[in-house]
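Since the structure comes first, as C-alpha cells, the remarks are kept for the end.
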There are 2 protein chains.
Amino acid sequence: MQTLSQFIGSHHSGETSSKNEWANNDFLGTAKIYKPHSVLCRQDDDDDTIFIVKSGWALLYRGLLDGERQIIDTPLWGDVVGFRSVDGPRFASLASITELAVHEVSRKVLVERILSGGSFGNKIACSLARLNAILAEHLVNVGRRNAMSRTAHFLLELEERLSSVGLSAHGRYECPLTQHELADILGMTTVHVNRTLSELRKADLVSFKAGHVEILNRKNLVKVAGFDNEYLR
Amino acid sequence: MQTLSQFIGSHHSGETSSKNEWANNDFLGTAKIYKPHSVLCRQDDDDDTIFIVKSGWALLYRGLLDGERQIIDTPLWGDVVGFRSVDGPRFASLASITELAVHEVSRKVLVERILSGGSFGNKIACSLARLNAILAEHLVNVGRRNAMSRTAHFLLELEERLSSVGLSAHGRYECPLTQHELADILGMTTVHVNRTLSELRKADLVSFKAGHVEILNRKNLVKVAGFDNEYLR
DNA sequence: AGGGGTCTCTAACATAGGTTAATTTTTAGT
DNA sequence: ACTAAAAATTAACCTATGTTAGAGACCCCT
C-alpha cells in the first residue's frame, strides 16, 4: 500500500479500500460532503481542523490585498490539507470546485493517531513530504519556466498525481479546472492560458477541452515541460 | 523562548545562548564549518542528513535541465534544512554563500529527539511550519506580484526573519546576496533586479548597496509590497 | 425553449520584463 | 598596490505576456 487514498477508501465505489482498513481508521468518522464552490476554511481562520480529501477537487489559495489570488495547490484524493504543527491562523483558504468529500480531523486527534504508531502516521508523513515537494516544484515552475513549459509541466504533474490514485489512465483524465483557475495556479492571465492551451493543442502535445485532458505526445510534452517526475515519488 | 536559534546557540558570540540550553542539546554535537560557496548536499542525493543553520547564509535551490535554477529559500540562523519524513532523493541542493556553520543530524536522531518530548521537538515543528508558510508566500510573490512589489516583499521578509534572530535592527541588515542570486530567488533576470533596486532606491523606499540593506520608508514599502507579515508568525 | 450567467476564444494593442552587450566598480588574491 | 575576476550598472532593443474588449459557446435554471 502506498497512498493515503487507499487508506481512506473511495467515496464513490470503495473498490480500492477493504473493510479492514476502514475498521482501523474509523476515527476519521464519516466524510463530510460539500457542494461545488463551497469555502471550507479561510486564510486567517484560527481553528485547527485538518482536511483529508476523499473525493472531488479542491483549491488551496492565498488572496492578495488587491483582490488577486495565487492558487497554491489543487488537493486531490488522499491529500492532507491544513496540517500545521503549530497554532496560529491559517495561511490559505480552501474551496471546493466539484462536489467534495473530506474527512475533518482536529490536529490533536491526528497527532495522537500519528504518535500511536502504525502505518497511518507514516501515510500522513509521506503525504506531507510529497505536498511539500510539489509546492517547491510549483515555485520552480512559476519562477523559471515560460508559459508553454509551465502549462505542460502542470498538466503532466496532474496526470501523475491522478494516476497514482487511479483517476487517470493512458494519459487521459477529467479535470474540472477553468482556464481562469488554471491562470491563478500558473501565475498568468486567463487570456494567455487560452493561447497557450491552443498552441499545445496545435502542436499535438496535449489537448484540454471540456474538462477532459488528453496527453497526445508524451515524449515531446515532457521535453517541452522539462518534466522530471522524481519529485513526485 | 521562541526560536530554534536560541536553542542552538550562537556561533559567533554565544550571547543569546545559555550553558543550560547547550547541555540539553549536546546531541547536536559541534557545528561543522563550511567555506563560502561550498555545496553541502545536492538534489537527488540519497542520504538523510538534516542541517540546522547555526550561522551564515545558505541557498536552497533546484536546478533545471537547461542549467537555470530557482532558489527555494535562503535558510538563516535556526532554520532546519532537508527534513523529510520519508526516504528518497533530496529535491534541492544546499550551498553556502558566506562561511556557514551548521549542525548535521541524521533523521533518525532528530526524530527520536522530537518524539522524546521536551521543547526541542516543538521548536523543530514550529520551524518547519514556518518554512512551509514562507515557501507558500514565495510562490504567491513570484506568481502574482510585479518586479517592484516582489523585490520589496522579499526585502521586508528578510528583515523580519533576521530581526527575529537578532540580526537586524532599525530596518538595517547585512545581506550577502548578489543581484544574480536575488534574480534566482525572485524569478527574474539580473538586469531587471538591478533596475528594480535602483527604482526602489530612487523612490526612497529601500536601499541595497554593498551587502547592506536599509529600509528607508517602511510604511510606503509595505504598501508597495503588499506585505502582511502574518505568515511569519 | 428562453435567458442570464459563466466560460472560451480571438483580435488589436500596450508594456513589463528579457536579451545582449559594453562600461564601470568592487572584491579578492598575490 | 597590481591584477584578474566577479559584481553592478546602463543603454538599446526585442518579445512574451498582459490588457481590453467583444463575440460565440455552453450550461443551468425555471
Side-chain angles (χ1 to χ4, degrees), chain A residues 35-37 57 59 64 66-70 95 97-99 141-154 174-203 206-213 224, chain B residues 35-38 57 59 64 66-71 95-99 141-155 174-203 206-213 224:
Chain A
K35 296 224 172 83
H37 307 290
W57 286 65
L59 294 178
L64 304 215
D66 64 1
E68 293 213 85
R69 68 172 179 177
Q70 172 68 45
I97 305 181
T98 61
E99 182 173 282
N141 210 21
V142 170
R144 279 289 177 243
R145 285 193 258 257
N146 64 22
M148 265 244 151
S149 352
R150 204 186 294 182
T151 308
H153 194 282
F154 178 71
E174 300 307 313
C175 172
L177 295 170
T178 65
Q179 294 183 1
H180 181 65
E181 286 157 345
L182 215 41
D184 284 341
I185 292 169
L186 298 174
M188 38 205 272
T189 58
T190 311
V191 174
H192 202 56
V193 165
N194 186 285
R195 286 196 278 249
T196 307
L197 286 176
S198 37
E199 272 189 81
L200 285 168
R201 176 68 250 250
K202 243 180 282 168
V206 228
S207 121
F208 184 170
K209 283 239 169 204
H212 186 81
V213 177
V224 164
Chain B
K35 295 223 171 84
H37 306 289
S38 320
W57 286 65
L59 294 178
L64 304 216
D66 64 1
E68 294 212 85
R69 69 172 177 177
Q70 172 67 45
I71 295 175
S96 62
I97 305 182
T98 61
E99 183 174 281
N141 210 20
V142 171
R144 279 288 177 244
R145 284 193 259 258
N146 64 22
M148 265 242 150
S149 353
R150 205 186 291 182
T151 308
H153 194 282
F154 178 70
L155 293 176
E174 300 307 312
C175 172
L177 295 171
T178 66
Q179 295 184 1
H180 181 65
E181 287 156 345
L182 216 39
D184 283 342
I185 291 169
L186 298 174
M188 38 204 270
T189 58
T190 311
V191 174
H192 201 56
V193 165
N194 186 287
R195 286 197 278 247
T196 307
L197 286 176
S198 38
E199 273 189 82
L200 285 168
R201 176 69 251 250
K202 242 180 282 170
V206 229
S207 123
F208 184 171
K209 282 239 169 205
H212 186 81
V213 177
V224 164

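Keep in mind the model is a prediction, meaning the values are calculated, not measured. Note on naming: letters A, B, ... go to the chains in the order of the sequence lines (proteins, then strands), and numbering restarts at 1 for each one.
For the helix from C:dA1-D:dT30 to C:dT30-D:dA1, the rotation axes defined at the first and last 5 base pairs enclose an angle of 60°, given to the nearest 10°.
When the options B:Thr190, B:Thr196, B:Asn194 are evaluated for a side chain to side chain donor-acceptor pair (under 3.5 Å) with B:Gln179, the one that passes is B:Asn194.
Under the 4.5 Å side-chain criterion, counting only non-hydrogen atoms from C-beta, B:Asp184 is in contact with A:Arg144.
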Checklist line | CA sep, side-chain torsions, deciding dist, call: B:Val193, B:Thr151, side-chain contact (heavy atoms from CB on, under 4.5 Å) | finding: CA-CA 8 Å; B:Val193 165; B:Thr151 308; 5.8 Å; no

Next item on the list: If a protein heavy atom is under 4.0 Å from the base, mark B; if only from the sugar-phosphate, S; if neither, -; do that for nucleotides 8-27 of chain C going 5' to 3'.
Entry: SBBBB----BBBB-------

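Protein chain B contacts DNA chain D from D:dA7 to D:dA12, reading 5' to 3' and using non-hydrogen atoms of the protein with a distance under 4.0 Å.
For A:Arg195, the side chain to side chain contact (heavy atoms under 4.5 Å, CB included) test picks out A:Val191, A:His192, with sequence neighbours left out. For A:Asn141, the side-chain hydrogen bond (donor to acceptor under 3.5 Å, both in side chains) partners at least two apart in sequence or on another chain are A:Arg145. Applying the side-chain hydrogen bond (donor to acceptor under 3.5 Å, both in side chains) rule to B:Ser198 yields no partners; only residues at least two apart in sequence or on another chain are considered.
A donor-acceptor distance shorter than 3.5 angstrom exists from the side chain of B:Ser96 to the backbone of B:His37, with no hydrogens or angles considered.
Taken to the nearest 0.5 Å, the CZ atom of A:Phe208 stands 5.5 Å off from the CG atom of A:Leu177. One finds the CD1 atom of B:Ile185 at 3.5 Å from the CZ atom of B:Phe154 (value rounded to the nearest 0.5 Å).
Of all the heavy atoms in A:Val213 and A:Cys175, the pair that sits closest is CG2-CB, 3.9 Å.
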